[in-house]
Chemist: 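Please see the structure below; I have some questions.
In this chain, residues are counted from 1 in sequence order.
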Amino acid sequence: MLFFYIRYFINNWSKAKNIELRTTFQERYPFTRREIDIIKHVIKGYSNNDIADDLEISLNTVKVHLQNIFQKTGVRSKTELLSIIIHEV
C-alpha cells in the first residue's frame, strides 16, 4: 500500500516544474537550501547519481546531504522520507 502512495505522489508531483514544500513542513524540519533541492529530486524519483549530475555536485555530497536529511527527519531511507512527506504535506 505504501508503494502505491509513493508512486501516486511521485507521478503527480513530478509533473510540476517547481515543487514547493509547504511552510509547515519546512518549519518542522530546518532544511538548508541544498537539502530542499535534494528532497525535490528525491520526490521526482531521481537516483543519487542523477541528483549529483543534475545539481553538478559529487555523489558523496549527495549522500552527505541525504544523511543530514535523514537525521533531521528521523528516517533511514528515501522511501521513509517520501512517506513522511506524503503524510505531512
Chemist: Taking all non-hydrogen atoms of both residues, which atom of K78 and which atom of Y46 are closest, and how far apart?
Modeler: NZ-O, 3.5 Å
Chemist: Just how far is it from atom CG of N68 to atom CD1 of I38, taken to the nearest 0.5 Å?
Modeler: 10.0 Å
Chemist: Please round to the nearest 0.5 Å and tell me the distance separating atom CZ of F31 and atom CD1 of I36.
Modeler: 7.5 Å
Chemist: Write out all pairs satisfying salt bridge (Lys or Arg N to Asp or Glu O under 4.0 Å) with one or both partners inside residues 52-72, taking only residues at least two apart or from two chains.
Modeler: E35-K72
Chemist: Could you check whether any side-chain heavy atom of L66 comes within less than 4.5 Å of a side-chain heavy atom of V42, counting everything from C-beta outward?
Modeler: yes
Chemist: Are K40 and D37 ion-paired here, with the side-chain N under 4.0 Å from a carboxylate O?
Modeler: no
Chemist: Would you find a donor on one side and an acceptor on the other, under 3.5 Å apart, between the side chain of T61 and the backbone of I57?
Modeler: no
Chemist: Could I get the full list of side chain to side chain donor-acceptor pair (under 3.5 Å) partners for D50, not counting sequence neighbours?
Modeler: S47
Chemist: Is a side-chain donor or acceptor of E80 paired with a backbone partner of R76 at a separation under 3.5 angstrom?
Modeler: yes
Chemist: As an exercise, state the distance from CG of L81 to CD1 of I69, rounded to the nearest 0.5 Å.
Modeler: 6.5 Å
Chemist: Residues in side chain to side chain donor-acceptor pair (under 3.5 Å) with Y29, at least two apart?
Modeler: E88
Chemist: In Å, rounded to the nearest 0.5 Å, how long is the span from CD1 of I84 to OG1 of T79?
Modeler: 12.0 Å
